[in-house]
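Working notes for the structure below.
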Amino acid sequence: MLGAGLMGRLLAVQLAQAGHPVRILDASGPDGQGSAARVAAAMLAPLAESAITEPCVVAMGQYALGRWPELLAGLSQPVYFQQNGTLILWHRQDAHEAQRFSALLAATGRTLPSLPRPEALSGARLAELEPALAQRFHQGLYLPDEGQLDNRQLLQALTATLASLGVTIEWHSAWTDEQALTHQRQHGGWVLDCRGLGAQPDWRALRGVRGEVARLHAPDVTLQRPTRLLHPRYPIYIAPKEDHIFVIGATEIESSDLSPASVRSVLELLSAAYAVHPGFGEARILELSTQCRPTLPDNLPAVREVAPKVLQINGLYRHGFMISPAVADAVLEHMHHGSAVLAERLSLHFERTENTAQAALVV
Ligand SMILES: Cc1cc2nc3c(=O)[nH]c(=O)nc-3n(C[C@H](O)[C@H](O)[C@H](O)COP(=O)(O)OP(=O)(O)OC[C@H]3O[C@@H](n4cnc5c(N)ncnc54)[C@H](O)[C@@H]3O)c2cc1C
């Protein structure tokens, strides 16, 4: 397994739990410093994201929402997970943004009728759902069932679970596909390349989409669920974690630049958050972080079998947490049964070679 970010750790745990020997290498360290997964807000919001993505990603997100509780239950440490829905807000002058957004959700509802319907909120209903925001906003949209989890707790719990299964990760070991292939020729087994943007030398079409986030501690703010502010220039989300920790994000810039967050981005993110709740004025800035989302030209995830039993799994873009259980299940189905029923059902792009004969699952 190359890469122990989100996808690599998730797949490795499931393979190890099924009793397969697993070897994992990661270019960075155990805190996930080299991964997009460490910085992410980890919202699981297929309906909200349907405004900017394809129905197949929404379908993967809906499938994954059902899988996360099962996956988390199998880990050796608890991970904060909630499914209280998503709240969508806008300032009065941006009502046209809300109309546009609602029209996009309505189109998604027609394509995927099994998705829960958004609920238009009156001021009274908003006050019931999210009392802390009722003074500033008098309408909104509620997207039921959507979820979120704590990304850093998840990374830690996956590593701890691997350790409990006797699997250690070889940190600070940057490998190329060529090295992995040479290793495979000598030792057999599968190679799963989950290096995110680190796979770019072997998958040229990959690009980075830079995202900057602020992590705040705001004891004066209590929110029950992720909140998104629609805005023509500064759309933001506020994702509440445990103990009044909030992730405010995120910029979306076509660049692989990993340098620290810019003043402009931070001003925009924090001003928009302050406009949602004045309690953010006294919040403490714990962290300003930058990472790049690993993205393919169509902004969709893909799995490529570049040689027999050598899979590249990538392009999770801004949806890794939302869809990774679906992508992982499709990959595992392919490895165990040589079939792609789930991938086809979810329209996950899966390029396969003919020679997929099964062999020992040594990863
Ligand atoms: C600001 C931001 C906010 C986000 N918010 C959300 C969200 O709310 N919801 C959501 O679903 N998704 C979100 N995402 C997206 C999500 O984080 C990514 O889609 C996901 O992390 C991709 O997983 P991955 O395993 O493919 O890559 P990564 O998580 O980036 O992991 C790649 C791993 O490969 C390792 N690696 C790199 N090169 C090598 C090498 N040569 N050899 C060995 N190892 C290597 C790296 O060290 C890293 O650990 C967000 C991302 C960002 C940046």
Side-chain angles (χ1 to χ4, degrees), residues 40-62 64-65 83-130 132-134 136-148 209 211 213 223-240 246-254 265 268-269 271-277 293 295 298-300 317-319 321-323:
M43 293 177 298
L44 315 171
L47 186 54
E49 288 294 310
S50 75
I52 58 143
T53 189
E54 301 289 324
C56 62
V57 174
V58 180
M60 286 179 227
Q62 199 183 8
L65 262 175
Q83 213 173 336
N84 292 342
T86 301
L87 183 61
I88 311 288
L89 297 175
W90 56 92
H91 297 297
R92 197 165 290 146
Q93 64 273 24
D94 300 325
H96 56 284
E97 286 294 319
Q99 278 163 9
R100 197 179 64 84
F101 186 80
S102 297
L104 291 168
L105 296 200
T108 304
R110 288 191 292 277
T111 315
L112 297 168
S114 62
L115 279 175
R117 294 265 171 263
E119 178 189 339
L121 300 179
S122 64
R125 178 82 174 112
L126 173 59
E128 208 180 288
L129 274 177
E130 207 66 89
L133 301 178
R136 292 207 164 188
F137 296 90
H138 305 289
Q139 59 191 345
L141 266 184
Y142 175 58
L143 315 186
D145 290 352
E146 304 213 306
Q148 66 155 329
V209 178
V213 300
L223 296 178
Q224 308 302 327
R225 56 187 59 74
T227 296
R228 294 182 182 219
L229 180 71
L230 302 179
H231 191 280
R233 281 168 48 218
Y234 314 128
I236 60 152
Y237 55 72
I238 301 171
F246 295 85
V247 176
I248 316 285
T251 54
E252 175 120 358
I253 301 166
E254 283 293 335
S265 296
E268 290 172 0
L269 291 173
S271 309
Y274 180 59
V276 171
H277 194 302
R293 307 163 180 97
T295 309
D298 56 7
N299 294 352
L300 299 177
Y317 178 41
R318 56 183 277 156
H319 300 125
F321 288 87
M322 190 176 104
I323 64 173

Nearest heavy-atom pair of [X] and [Y]: which atoms, and what distance?
X: Gly61; Y: Pro46; result: C-CG, 3.8 Å
X: Ala239; Y: Met43; result: CB-CG, 4.2 Å
X: Pro116; Y: Asp145; result: CG-OD2, 3.7 Å
X: Tyr237; Y: Ala250; result: OH-CB, 3.3 Å
X: Val276; Y: Phe137; result: O-CE1, 3.7 Å

Please identify each residue that fulfils side-chain contact (heavy atoms from CB on, under 4.5 Å) with [X], with sequence neighbours left out.
X: Thr251; answer: Glu212, Ile253, Ser265
X: Arg110; answer: Ala106, Ala107
X: Leu115; answer: Leu47, Val58, Gln62, Thr108, Leu112
X: Ser122; answer: Ala124, Arg125

About how many Å separate [atom2] of [Y] and [atom1] of [X], when rounded to the nearest 0.5 Å?
X: Ile236; Y: Ile238; atom1: CD1; atom2: CD1; result: 4.0 Å
X: Leu104; Y: Ser50; atom1: CG; atom2: OG; result: 7.0 Å
X: Leu143; Y: Glu49; atom1: CG; atom2: CD; result: 10.5 Å
X: Met322; Y: Met60; atom1: CE; atom2: CE; result: 8.5 Å

Discussion item. Within the 4.5 Å heavy-atom criterion, are Tyr142 and Leu126 side-chain neighbours or not?
Written reply: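 SC-SC contact between Tyr142 and Leu126 ruled out.
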Worksheet item: Under a 4.5 Å cut-off applied to non-hydrogen side-chain atoms, are Leu269 and Val213 in contact?
Response: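 They are not in side-chain contact.
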Worksheet entry | Non-neighbouring partners of Asn299 that pass side chain to side chain donor-acceptor pair (under 3.5 Å), sequence neighbours left out | Arg207
Worksheet item: Got a sec, which residues hit side chain to side chain donor-acceptor pair (under 3.5 Å) with His277, two or more places apart in sequence or on another chain?
Response: none
Could I get the full list of ring pair (Phe, Tyr, Trp, His ring centres under 6.0 Å) partners for [X], not counting sequence neighbours?
X: Phe321; result: none
X: Tyr274; result: none
X: Tyr317; result: His319

Worksheet item: Of all residues at least two apart in sequence or in a different chain, which pass the salt bridge (Lys or Arg N to Asp or Glu O under 4.0 Å) check with Glu252?
Response: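 Result, salt bridge (Lys or Arg N to Asp or Glu O under 4.0 Å) vs Glu252: Arg293, Arg318.
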Worksheet item: Who passes salt bridge (Lys or Arg N to Asp or Glu O under 4.0 Å) against Arg100, sequence neighbours left out?
Response: Glu97
Discussion item. Apply side-chain contact (heavy atoms from CB on, under 4.5 Å) to residues Leu121 and Gln139 and explain how you reach the verdict.
Written reply: CA-CA 5 Å; Leu121 300 179; Gln139 59 191 345; 6.0 Å; no
Could you give the side-chain donor-acceptor pairs of residues 85-96 under 3.5 Å, partners two or more places apart or in another chain?
unit_1	atom_1	unit_2	atom_2	d
Thr86	OG1	Glu146	OE1	2.7

Would you confirm whether [X], through its side chain, and [Y], through its main-chain N or O, come within 3.5 Å as a donor-acceptor pair?
X: Arg136; Y: Ala275; result: yes
X: Arg225; Y: Leu129; result: yes
X: Gln148; Y: Ala42; result: no

